[in-house]
Asker: 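Below is the structure I would like to discuss, written out as structure tokens.
Worth saying up front: this structure is predicted, and the values here are computed from it rather than measured. Side chains included, hydrogens not; waters and symmetry mates left out as well; all remaining heavy atoms used.
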Amino acid sequence: LHALPEGFRLLSNLEELSLARNKLFTIGPSLSALHRMRTLDLSGNKIIHIPDLLAMTCLERLLLAHNRLTTVPSLEYALALQEIDFQANAVEQMPAMAAVY
């Protein structure tokens, strides 16, 4: 699997998705339609860009370690975010994030 199929946008009730340790290079905009997503694990791929995840307001865990990211999507509406992992990437600047209390 080198790219996320556009059909993922039809899985609107999906809450957990692990595509870790594949050979994904790209994640299309279909991912941002999954507004009930709580856990997204895309670690261990070859992803260079992630689209904005603004609709994922329920996202609790975002795992993107060991990819080829240089930028990170906006996470300012990810109010439920508890865990984020970007290790082993080339991220130069972290995105705007929701205030954590």
Side-chain angles (χ1 to χ4, degrees):
L1 189 62
H2 295 286
L4 191 64
E6 284 298 314
F8 267 85
R9 76 178 50 237
L10 302 175
L11 303 173
S12 60
N13 291 323
L14 193 64
E15 292 184 7
E16 294 188 24
L17 177 62
S18 177
L19 292 171
R21 294 173 296 285
N22 280 284
K23 295 179 181 177
L24 291 171
F25 285 96
T26 184
I27 301 296
S30 64
L31 192 64
S32 60
L34 304 177
H35 62 276
R36 292 188 181 176
M37 185 69 62
R38 294 187 183 282
T39 300
L40 179 59
D41 185 355
L42 298 171
S43 56
N45 283 288
K46 298 177 181 185
I47 301 167
I48 57 172
H49 174 74
I50 298 287
D52 281 336
L53 305 175
L54 298 176
M56 290 188 177
T57 57
C58 296
L59 194 62
E60 295 174 359
R61 298 179 69 220
L62 179 59
L63 309 174
L64 294 168
H66 299 280
N67 278 288
R68 297 179 180 171
L69 296 170
T70 56
T71 60
V72 177
S74 175
L75 299 169
E76 62 185 302
Y77 296 106
L79 301 176
L81 196 61
Q82 297 173 15
E83 180 182 353
I84 187 170
D85 186 356
F86 293 116
Q87 71 177 326
N89 280 288
V91 175
E92 298 171 3
Q93 183 177 3
M94 289 300 289
M97 296 180 70
V100 178
Y101 297 99

Asker: To the nearest 0.5 Å, what is the distance between CD1 (Ile84) and CZ (Arg61)?
Answerer: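 Result: 12.0 Å between the selected atoms.
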Asker: On a heavy-atom basis, which atom in Ala80 and which in Cys58 lie closest, and how many Å separate them?
Answerer: CB-O, 3.8 Å
Asker: Let me see the working for Ile47 and Leu69 under side chain to side chain contact (heavy atoms under 4.5 Å, CB included), right down to the final yes or no.
Answerer: CA-CA 6 Å; Ile47 301 167; Leu69 296 170; 4.0 Å; yes
Asker: Keeping to residues at least two apart or across chains, list the ring-ring contact (aromatic ring centres under 6.0 Å, His included) pairs with something in residues 17-58.
Answerer: His2-Phe25
Asker: Once rounded to the nearest 0.5 Å, what's the spacing between atom OH of Tyr77 and atom CG of Leu54?
Answerer: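 These two atoms lie 6.5 Å from each other.
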Asker: Testing Ile50, Ile27, Leu31 one by one against Pro73 for a side chain to side chain contact (heavy atoms under 4.5 Å, CB included), which residue passes?
Answerer: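 Of all the options given, the one that passes is Ile50.
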Asker: Kindly say whether Leu64 contributes a backbone atom to a donor-acceptor pair with the side chain of Asp85 at under 3.5 angstrom?
Answerer: no
Asker: Atom CD in Gln82, atom CD in Glu60: separation rounded to 0.5 Å?
Answerer: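 Gln82 CD to Glu60 CD: 5.0 Å, rounded to 0.5 Å.
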Asker: Grab the two heavy atoms, one from Leu59 and one from Thr39, that are nearest each other, plus how far apart they are.
Answerer: CD1-N, 4.3 Å
Asker: Would you sort out whether Ser30 and Glu6 count as a side chain to side chain contact (heavy atoms under 4.5 Å, CB included), showing the intermediate values?
Answerer: CA-CA 5 Å; Ser30 64; Glu6 284 298 314; 3.7 Å; yes
Asker: Just by distance, do the side chain of Asn67 and the backbone of Asn45 share a donor-acceptor pair under 3.5 Å?
Answerer: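 Between the backbone of Asn45 and the side chain of Asn67 there is a qualifying donor-acceptor contact (under 3.5 Å).
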Asker: Going hydrophobic residue to hydrophobic residue with side-chain gaps under 4.5 angstrom, can you get from Leu53 over to Leu11?
Answerer: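 Yes, Leu53 and Leu11 fall within the same hydrophobic cluster.
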Asker: Are Leu63 and Leu24 connected in the hydrophobic side-chain network, where two residues link if heavy atoms are under 4.5 Å apart?
Answerer: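 No, Leu63 does not connect to Leu24 through the hydrophobic network.
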Asker: Of all the heavy-atom pairs spanning Asn13 and Arg36, show the shortest one and how long it is.
Answerer: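 In this case the closest contact between Asn13 and Arg36 is OD1-NH1, 2.5 Å.
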Asker: Provide the closest heavy-atom pair for Met37 versus Glu15 in the form atom of the first, atom of the second, distance.
Answerer: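 Looking at all heavy atoms of both residues, the shortest contact is SD-O, 3.4 Å.
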Asker: Between Leu4 and Ile48, is there a shared hydrophobic cluster once you connect ILVMFWY residues whose side-chain heavy atoms come closer than 4.5 Å?
Answerer: no
Asker: Return the CG to CG distance between Leu42 and Leu62, rounded to the nearest 0.5 Å.
Answerer: 7.5 Å
